[in-house]
Amino acid sequence: MRARALLGMRPGTLRGRLALLALVTTAAWALLLTVLFNVVLDGRLRADADGLLRTRAEAAASTVQVMPGGALRIAEPADDSALDTGIWIYQGTRAVERPAGRIWLQREADALAGAEPGFTTIGDVRLYARPVAAGGHRAGTIVTAAGLRAYHRTLTSALIGSIVLALLLLLGVYAVTRAVVGRALRPVAEMTGQAADWSGHDLGRRFGTGRRPAELSALAAGLDELLGRLSVVLRHERQWSAELSHELRTPLSRIVAETDWLSQRPRPAGEQRAALDVIRNAAEEMERICQTLLAEARNRDTRLPGRCALPALVADLAARWPATAPGLDVETPAGELTAGAPPEIVERILAPLLDNARRHAATTVVVRLEPGVRIVVHDDGAGVPESARDRVFEPGFRAEPADGHQGAGLGLALARRLARSAGGDLTLGGKAAFVVTLPPG
């Protein structure tokens with residue numbers, strides 16, 4: 001990971017990214033400070049060298065006297081070895097005193113004789129020219145020289161030292177940042193692992209409100225909320241699965257009963273056909289329930305695709321209306337009425353409504369199609385009791401448990417769930433009426 005970070009590749013962990021960010025930020029500051037330090041040091045060393053040259057020139061000028069006529073007289077001190085090092089004294093352009101061993105600089109010093117005062121650099125040597133004047137006239141020039149190698153060595157050593165120090169600082173910052181961030185993120189990793197373990201084994205566990213930093217408290221609250229939602233979803237799905245098993249058990253029990261009845265002894269042909277019709281109808285009902293639930297599960301988070309013509313669908317349901325059931329009256333508006341949902345979904349929404357109406361109607365069941373898109377199913381029976389109107393769509397709830405019906409009270413709940421998954425809704429209209437609203441197709 002460190003090698004990848006140094007090569008400029010993006011680390012895959014938050015700790016690596018934060019450490020790399022700290023490294024880049026520190027590197028930028030270290031580069032800026034290193035450059036600034038070395039620039040300031042170079043200027044300071046150059047100023048020291050210039051100061052040394054000025055001091056030597058002033059010391060040499062104190063030994064020079066301008067005689068009448070412009071001649072220079074040099075007063076030799078008792079020990080002038082320090083002054084003779086790198087000092088030329090010119091009268092006009094003629095050197096009246098020159099240092100020993102500086103022959104290779106003689107031409108550069110001669111060029112400064114009579115020149116404007118100032119500094120010049122020749123290789124590793126810096127020279128300074130100071131005029132000698134008397135009575136407003138320039139009588140001569142003092143030239144001083146000093147080697148810069150010692151200054152260059154100091155500057156090079158300082159540059160190397162600052163680079164090494166910057167590299168050590170970067171390595172230290174990177175290591176410390178990784179360690180500190182890793183230590184800071186350790187509770188987050190532990191909480192995440194605990195949440196993952198609890199979500200698979202014990203959804204009742206919670207982090208609670210312990211003594212934690214503000215960020216970890218917010219994380220704990222978020223994880224507790226997520227665990228709570230998972231618990232609610234799983235509890236709802238378990239209840240739904242249990243109730244669905246009852247809904248499928250009804251047609252399955254009819255199949256088993258008819259099969260046992262046929263296998264006990266030979267039956268007349270008419271009774272066999274009737275039993276087989278019961279078995280086929282029960283199997284078809286189970287197939288429709290399974291297909292509807294699969295379609296609802298696949299489209300649980302999105303609106304169901306597809307379209308269907310409601311008059312044709314209701315006409316098909318009316319064609320399958322049992323002859324022994326109360327009469328069915330279908331009212332359709334003029335023109336086309338198309339719903340934005342697949343026909344199998346609409347059929348499974350209407351199936352429990354028609355089944356309830358058929359069981360509770362006195363003489364007539366009415367299916368009325370209205371623009372908008374609305375399907376109203378009502379009958380002329382007693383209707384839903386007032387005490388049960390608030391719970392009629394609860395899974396497993398039955399308003400009259402002793403009515404002899406073998407269902408599990410799941411039909412209306414499933415119908416509403418399908419209607420809402422299709423982008424519509426199922427509501428209780430009147431005392432004995434249910435209203436299905438669907439998106440237009």
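The shortest distance between side-chain heavy atoms of Ile279 and Thr259 falls below 4.5 Å. Inter-residue side-chain proximity for Thr156 and Ile160 is flagged as met; some heavy-atom pair is nearer than 4.5 Å. Between Val180 and Arg183, every side-chain heavy-atom pair lies at or beyond the 4.5 Å cut-off. In this structure, Val377 and Leu354 have side chains that are in contact, with non-hydrogen atoms separated by less than 4.5 Å. Looking at Val435 and Asp425, their side chains never come closer than 4.5 Å, going by heavy atoms from C-beta outward. Within the 4.5 Å cutoff, side-chain heavy atoms of Val366 are placed close to those of Thr364. Side-chain contact between Leu337 and Pro311 is present, with at least one heavy-atom pair separated by less than 4.5 Å. Put simply, the side chain of Leu310 reaches to within 4.5 Å of the side chain of Val373, judged on heavy atoms.
A distance of 5.5 Å separates CD1 of Ile349 from CG of Leu438, quoted to the nearest 0.5 Å. The CG atom of Asp42 lies 11.5 Å from the OG1 atom of Thr154; values are rounded to the nearest 0.5 Å. To the nearest 0.5 angstrom, Thr363 atom OG1 is 9.5 Å from Asp379 atom CG. Distance check, rounded to the nearest 0.5 Å: CZ of Arg107 to CG of Leu112 gives 12.5 Å. For the atom pair Trp88 CH2 and Ile142 CD1, the distance stands at 13.0 Å (nearest 0.5 Å). With values rounded to the nearest 0.5 angstrom, Leu350 atom CG is found 8.0 Å from Glu347 atom CD.
A salt bridge is defined here as a Lys NZ or Arg NE, NH1 or NH2 lying under 4.0 Å from an Asp or Glu carboxylate O, and Arg320 with Asp316 meets this definition. Electrostatic pairing of Asp355 and Arg358 counts as a salt bridge here, judged by a charged N lying under 4.0 Å from a carboxylate O. Salt-bridge check for Glu58 with Arg56: failed, with every basic side-chain N at 4.0 Å or more from each acidic carboxylate O.
Remark: Arg54 CZ is packed, more than 12 non-hydrogen atoms of other residues, nucleotides or ligands lying under 6.0 Å away.
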Working for side-chain contact (heavy atoms from CB on, under 4.5 Å), residues Val143 and Ile87 = CA-CA 6 Å; Val143 177; Ile87 297 178; over 6 Å; no
Take Asp50 and Tyr128 through the test side-chain contact (heavy atoms from CB on, under 4.5 Å) and record every step on the way to the result.
-> CA-CA 8 Å; Asp50 293 347; Tyr128 172 64; over 6 Å; no
side-chain hydrogen bond (donor to acceptor under 3.5 Å, both in side chains) assessment of Arg374 paired with Thr437 | CA-CA 5 Å; Arg374 288 162 49 96; Thr437 58; over 6 Å; no
Determine, stepwise, if the pair Gln264 / Asp260 fulfils side-chain hydrogen bond (donor to acceptor under 3.5 Å, both in side chains).
-> CA-CA 6 Å; Gln264 286 179 0; Asp260 291 342; over 6 Å; no
Run the side-chain contact (heavy atoms from CB on, under 4.5 Å) check on Phe434 and Val384 step by step: do they pass?
-> CA-CA 10 Å; Phe434 290 89; Val384 180; 4.1 Å; yes
Please walk me through it: do Asp124 and His152 pass side-chain contact (heavy atoms from CB on, under 4.5 Å)?
-> CA-CA 9 Å; Asp124 289 335; His152 289 167; 3.6 Å; yes
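When all heavy atoms of Leu412 and Pro352 are compared, the closest pair comes out as N-CB, 4.3 Å. In terms of heavy atoms, Tyr151 sits closest to Ala49 at OH-CA, 3.7 Å. Shown here for Leu53 and Thr144, the closest heavy-atom pair between the two residues is O-OG1, 3.2 Å. Val376 approaches Ala433 most closely through the heavy-atom pair CG1-CB, 4.4 Å. Contact detail for Ala283 and Ile255: the closest heavy-atom pair is N-CD1, 3.8 Å. The minimum heavy-atom distance linking Ala145 with Leu105 is given by the pair CB-CD1, 4.3 Å.
Ser162 contributes a side-chain N or O that, together with a main-chain N or O of Leu159, makes up a donor-acceptor pair within less than 3.5 Å. Of the possible polar contacts, none joining the Arg130 side chain to the Ala57 backbone as a donor-acceptor pair under 3.5 Å is found. Distance alone, capped at 3.5 Å, is enough to place a donor-acceptor pair between the Ser421 side chain and the Leu418 backbone. With Asp380 contributing its side chain and Ala361 its backbone, the two residues share no donor-acceptor pair below 3.5 Å. Trp321 contributes a side-chain N or O that, together with a main-chain N or O of Pro326, makes up a donor-acceptor pair within less than 3.5 Å. Side-chain N or O atoms of Thr141 include one that pairs as donor or acceptor with a backbone N or O of Gly114 at under 3.5 Å.
Pairs engaging residues 21-38 under the salt bridge (Lys or Arg N to Asp or Glu O under 4.0 Å) rule: none recorded [sequence neighbours left out]. Evaluation of the salt bridge (Lys or Arg N to Asp or Glu O under 4.0 Å) test over residues 328-343, restricted to residues two or more places apart or in two chains, returns none.
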For a quick test of your reading: what N or O donor-acceptor pairs under 3.5 Å do the side chains of residues 19-36 make, sequence neighbours left out?
residue	atom	partner	partner atom	Å
Thr25	OG1	Leu21	O	2.8
Thr26	OG1	Ala22	O	2.7
Thr34	OG1	Ala30	O	2.6

